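Quick notes on the structure that follows.
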Protein chains: 2
Amino acid sequence: MEEALTPRQSRILKHIIEEYVVTATPVSSEAVVRRYEPHVSSATVRNEMATLQDGGFLQHPHASAGRVPSDVGYRHYVQYLMGDAHLSQTEERTVLHQFHQVEGDIAEWIHLAAAVLSSSMQMPVVAIPPVAHVSRLRRLDLVEMSPGTVLVVVITWSGTVRQQLIRVEGEPSTTLNQLAEHLNEAFWEQSAADIRVIAAGWSDAGILEMIAHLLDDEDRGQAANLRIEGLSYMAGQPEFGTGDRLQPIVETLERPRTLEALLEPLFQAHGVYISIGQEQPVEALRECSVVLGTYGRPGDISGVVGVIGPTRLPYWRAVPLVEYVAYVLDRLLEGTLV
Amino acid sequence: MEEALTPRQSRILKHIIEEYVVTATPVSSEAVVRRYEPHVSSATVRNEMATLQDGGFLQHPHASAGRVPSDVGYRHYVQYLMGDAHLSQTEERTVLHQFHQVEGDIAEWIHLAAAVLSSSMQMPVVAIPPVAHVSRLRRLDLVEMSPGTVLVVVITWSGTVRQQLIRVEGEPSTTLNQLAEHLNEAFWEQSAADIRVIAAGWSDAGILEMIAHLLDDEDRGQAANLRIEGLSYMAGQPEFGTGDRLQPIVETLERPRTLEALLEPLFQAHGVYISIGQEQPVEALRECSVVLGTYGRPGDISGVVGVIGPTRLPYWRAVPLVEYVAYVLDRLLEGTLV
DNA sequence: GATTAGCACTCGGCACCGTTGACTGCTAAG
DNA sequence: CTTAGCAGTCAACGGTGCCGAGTGCTAATC
């Protein structure tokens, strides 16, 4: 274990990070003195920077360049140096106001959350609508689309709606409503597992399996609903300027599977979660960081919103913003938006 | 108007395009002779190439480079030179087989169509689920989510499901099912316009307007459902290798509005539609081409699938592939998949 | 008249190179 | 512990010259 940082070292690290995040170029000792620490000489700062580098907080691209924060440096920053920033009153009001506009529409919530985050951060965004840990049936509908084809619509406890077409052998359509009513009574508030248990000793197991499957689907259904927006912002980042650097990252972000893996731990946790560079489980995102926030009730109905960017991302803005958007979604989900 | 092309000029143009699409580098007269026209000398080909250039079919990046097809050249190619390529039997079977796997699930159809196209073409893909020109109500559901909050679920004639939360003043929930039943009877097969007319002379206009709005939504709802996938492939294209070229394009493709504009004409038409480079209405896509296919019944229920890439795209593969995928979706939509 | 060989010409790309300037690390003095 | 001073390092930059790919033209040939 290294020595703890002196107050001045902490300050210098903080300055370097905040400078580098903005300029995207290595920070020199001169720059630190000029902009932040005018009472010491650049030589002093150089000594401190060398110490910080030994501690693993900074990197040195080459001899005649300034310093760049390392993943460890960023981690230290978000844990000890950043403080807990908040949005300003007016910013909070602006965000809230936008959500007021779409109060009723679940699908729009998550869309808007993505839009707010990505336009404000100028970075890609992931947003997952509220999904239930264990889905229970709230309502079932059977609608005849054409002779022999029935649309099964399942509404889950969390308000997600899923549908699937199935074919049936020529049954009189009058039965359909009655059948739906019957199933609704029988399986109200049941989970996929429950339904499967009952289905075992049932004659018409086919449609029940389908219903159970649709409920299942929601559990692992983040993939379907998981949406990433603002990928174009990645192309604007100087570290990913060339196509060959950019392509694997965008490809990874487009694939729902890897994102799912990225978000997996979140469904247990609560609050804001930050993963920086190498900490990432996903290989291709080794030069990226994510700031994620959960909303809803962990283990029950919950979702995730967050931003993704290069490790050089303005954590001090991302964290409070994600925090606040998650908070608003939380309240929306509780139906208590004032 | 220029002279019509001689057969040999046509052949050379065709060769140059097919070569350039694969190699992405200007094609020299020597290359044409070597690979395609061994019975004439390079000087002859040069003369023909000069003529083609005068006709506007080719471009000449600089004096010591080969020729590159122009937009006019590509247009000529797809109209007269390409012929009507088809997928091989085995390719068709492969595609069909994949669709068999997900026969029941509407949402999966369009997803799969996108996956098939983008993985086969290695290019971005747009895919719009079937939307109705005029949506009619097939079924309505009212589900109480929590006291005072009701989820309105609308199933349209084309099988799209849309939902929205509304708040109501403390009404006994027993009425809710009856109310839904009542509304279902009253508005079965009605369009948004119809409902609005009736709503005018009705006491409880709020919920009716909501229902009408959800039906409206589907009309302009392409935006919500419009999905573009495989953006990462754009980063792999040599013409968009640098971030500053790539960014405006990806940004444009991510914005549903501009895509909608791009697809607008399609909802009237039928068959495969090709737009090349400058022909595009969208400014930022001046160096891109799209190959789009419609499925469904034009003017009624229809959707669009297609690929987007640099003008240098393998039209001879894109066209039959899009054609076939659209054809399969067509049949799926008719419920006649064998 | 169409084709072709031959040749001069053009121009982008690349490697090379010295210069510049931005920073650092070190040392020795304060 | 701090600081001034200085030598050392290295990326970036602009210039130069060469190479080679590929053309356009011309004159000879079929």
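Order of the sequence lines fixes the chain letters, A, B, ..., with proteins taken first and strands second; residue numbering starts at 1 for each chain. For the numbers below, each heavy atom of this structure counts, side chains included, while hydrogens, waters and symmetry mates do not. All values reported here derive from a predicted model rather than from experimental measurement.
One can place CG of L52(A) at 15 Å from C1' of dT24(C), the figure rounded to the nearest angstrom. Rounded to an integer number of Å, the gap from L58(B) CG to dG22(D) C1' is 15 Å. The CD-P distance, from Q53(B) to dC25(D), rounds to 11 Å in whole Å. Protein atom NE2 of H62(B) is 9 Å distant from nucleotide atom P of dG22(D), rounded to whole Å. Rounded to an integer number of Å, the gap from CE of M49(B) to P of dT3(C) is 16 Å. If you measure from atom CZ of R67(A) to atom C1' of dC10(D), you get 14 Å, rounded to the nearest angstrom. Counting to the nearest Å, the P atom of dC1(D) and the CD atom of E37(A) are 17 Å from each other. When rounded to the nearest whole Å, the span between CD of E30(B) and P of dC7(C) equals 16 Å.
Residues S275(B) and Q280(B) have side chains that bring a donor and an acceptor to within less than 3.5 angstrom of each other. Residues Y77(B) and E18(B) have side chains that bring a donor and an acceptor to within less than 3.5 angstrom of each other. Residues R67(A) and Q59(A) have side chains that never bring a donor and an acceptor to within less than 3.5 angstrom of each other. One side chain, R317(A) or S120(A), offers a donor N or O that lies under 3.5 Å from an acceptor on the other. Defined by atom type and a distance below 3.5 Å, a donor-acceptor pair is present between the side-chain atoms of E19(B) and Y36(B).
Comparing atom distances between the H60(B) side chain and each of dG25(C), dT23(D), dT4(C) picks out dT23(D) as nearest. Side-chain proximity of R46(B) to the nucleotides dC25(D), dT3(D), dT4(C) is greatest for dC25(D). In this structure, of dT2(D), dT3(D), dG25(C), it is dT2(D) that holds the atom nearest to the side chain of R8(A).
Looking at S28(A), its side chain has no donor and acceptor atom pair within 3.5 Å of the base of dC23(C). Judged by distance alone with a 3.5 Å cut-off, a donor-acceptor contact links the side chain of S64(A) to the base of dC10(D).
Between S41(B) and the phosphate of dT3(C), there is no side-chain N or O to OP1/OP2 separation shorter than 4.0 Å. For the pair R34(B) and dG22(D), the criterion of a side-chain N or O lying under 4.0 Å from OP1 or OP2 is not met. Within the 4.0 Å cut-off from OP1 or OP2 of dC23(C), not a single side-chain nitrogen or oxygen of S29(A) is found.
Summary of the strand contacts: E48(B) and N47(A) both lie near DNA chain C, and taking for each the nucleotide with the nearest heavy atom, the more 5' one is attributed to E48(B).
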